[in-house]
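Okay, structure first, notes after.
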Amino acid sequence: MEVKKIGVLTSGGDAPGMNAAVRAVVRSALEKGIEVVGIMRGYTGLLNHEVIPMDIGSVSDIIQRGGTILRTARCEEFRYQEGVAKGKDACEKIGINGLVVIGGDGSFRGAADLSAMGIPCVGVPGTIDNDISCTEYTIGYDTAMNTAMQMSDFLRDTAQSHERCMVIEVMGRHAGHIALNAGIACGATYIVVPEVEFDKEAMMKKIQKSYAAGKRQFLIFVAEGVGGVAELAKEIEETTGIESRSMVLGHVQRGGSPTVRDRVAGTQLGHYAVELLAKGIGNRVVGFQNGQLVNFDIQEALKMKKSLDMDLYRIANDVAF
Ligand code: ADP
């Protein structure tokens with residue numbers, strides 16, 4: 001079937017660089033003579049027929065902006081067959097025979113269901129946590145890491161002045177990628193990630209040993225999935241006698257102007273998604289393996305596993321003080 005008109009939406013958690021992907025989808029499709037519509041608020045907007053026509057200028061001046069101009073939402077209804085069937089009807093009414101879904105694993109499940117009903121969908125990985133298994137990189141990850149690093153540098157200044165320990169929670173519900181990388185970049189004394197069992201005693205000993213060697217300010221990084229930073233700060237203070245504070249960096253890590261890497265990755269992935277759809281190929285997720293663009297069957301992609309870089313974790317431990 002010839003692809004004449006496609007849609008693009010952003011769904012689930014937002015990530016800096018999603019706008020670059022939307023822009024690439026729109027421009028690449030128009031370049032191929034394919035019409036494009038933007039669907040607002042993810043699957044919610046699809047079910048409500050919230051559609052905007054996208055011309056070449058509609059995506060001007062957005063590549064440098066955080067967030068997503070198409071907005072994003074979570075849509076409970078789309079988790080069920082009836083919801084997806086309504087989505088298929090909406091696609092037919094809107095007149096699209098292809099859809100680019102920019103989001104995470106949850107959004108890809110919806111894309112797989114919609115593809116199974118005859119609307120070819122291609123998933124573009126956008127999530128700050130970098131927790132999508134089929135790709136080594138997801139849009140938003142680099143910006144989020146850099147924000148976490150910058151915010152933690154600020155905390156380090158005040159930790160240094162007051163000779164304190166700062167226990168910092170960074171994003172990563174199921175994955176410690178941000179914690180590990182931002183932790184290394186900020187000179188963390190200890191990094192706590194969901195993938196590795198937390199040895200609290202070892203952490204206390206490490207802090208005490210560094211203190212005995214003359215260190216007076218400490219940063220402890222904790223991934224969101226482990227949490228409990230307020231209690232941990234209290235325990236550190238009780239055990240070591242070092243005044244401690246905690247900070248949850250939270251949603252600040254989702255925002256901000258995307259880094260070069262996220263703008264380029266968003267552009268590459270969005271462009272590639274359109275190349276597949278233009279050939280009538282659906283039910284795929286695009287991503288990177290060894291720096292190269294790749295695509296996978298959505299179901300296969302969802303079954304894949306990605307682990308934390310344990311070599312990097314070991315290096316982090318070896319250089320921590
Ligand atoms: P993310 O895409 O970032 O992982 P969510 O897990 O919240 O975020 O999923 C985003 C949306 O994708 C959900 O609100 C829902 O509309 C849709 N979705 C999630 N899981 C499924 C599923 N199993 N089947 C169909 N659609 C789903």
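Every number for a ligand or one of its atoms is a count from 1 in the order of the listing. We use all heavy atoms of the structure for the numbers below, so side chains are in, but hydrogens, waters and symmetry mates are not. Residues take their numbers from the sequence shown, with the count starting at 1.
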Under a 4.0 Å N-O cut-off, is there an ion pair linking Lys88 with Glu92? yes

In terms of hydrophobic clustering (I, L, V, M, F, W, Y; side-chain heavy atoms under 4.5 Å; direct or indirect links), are Val8 and Leu277 co-clustered? yes

Testing Asp129, Asn181, Thr259 one by one against Tyr141 for a side chain to side chain donor-acceptor pair (under 3.5 Å), which residue passes? Asn181

Select all protein residues for which some heavy-atom-to-ligand 1 distance is less than 4.0 Å, and list them by chain and number. Ser11, Gly12, Gly13, Tyr43, Arg74, Cys75, Phe78, Arg79, Gly104, Asp105, Gly106, Ser107, Arg109, Gly110, Asp113

Would you mind listing every side-chain hydrogen bond (donor to acceptor under 3.5 Å, both in side chains) that reaches into residues 233-249, with sequence neighbours excluded? Arg164-Glu243, Lys200-Glu235, Glu243-Arg245

Could you tell me whether Glu35 and Lys4 have a side-chain N and a carboxylate O separated by less than 4.0 Å? no

Carboxylate-amine/guanidinium proximity below 4.0 Å for Asp318 and Arg314: yes

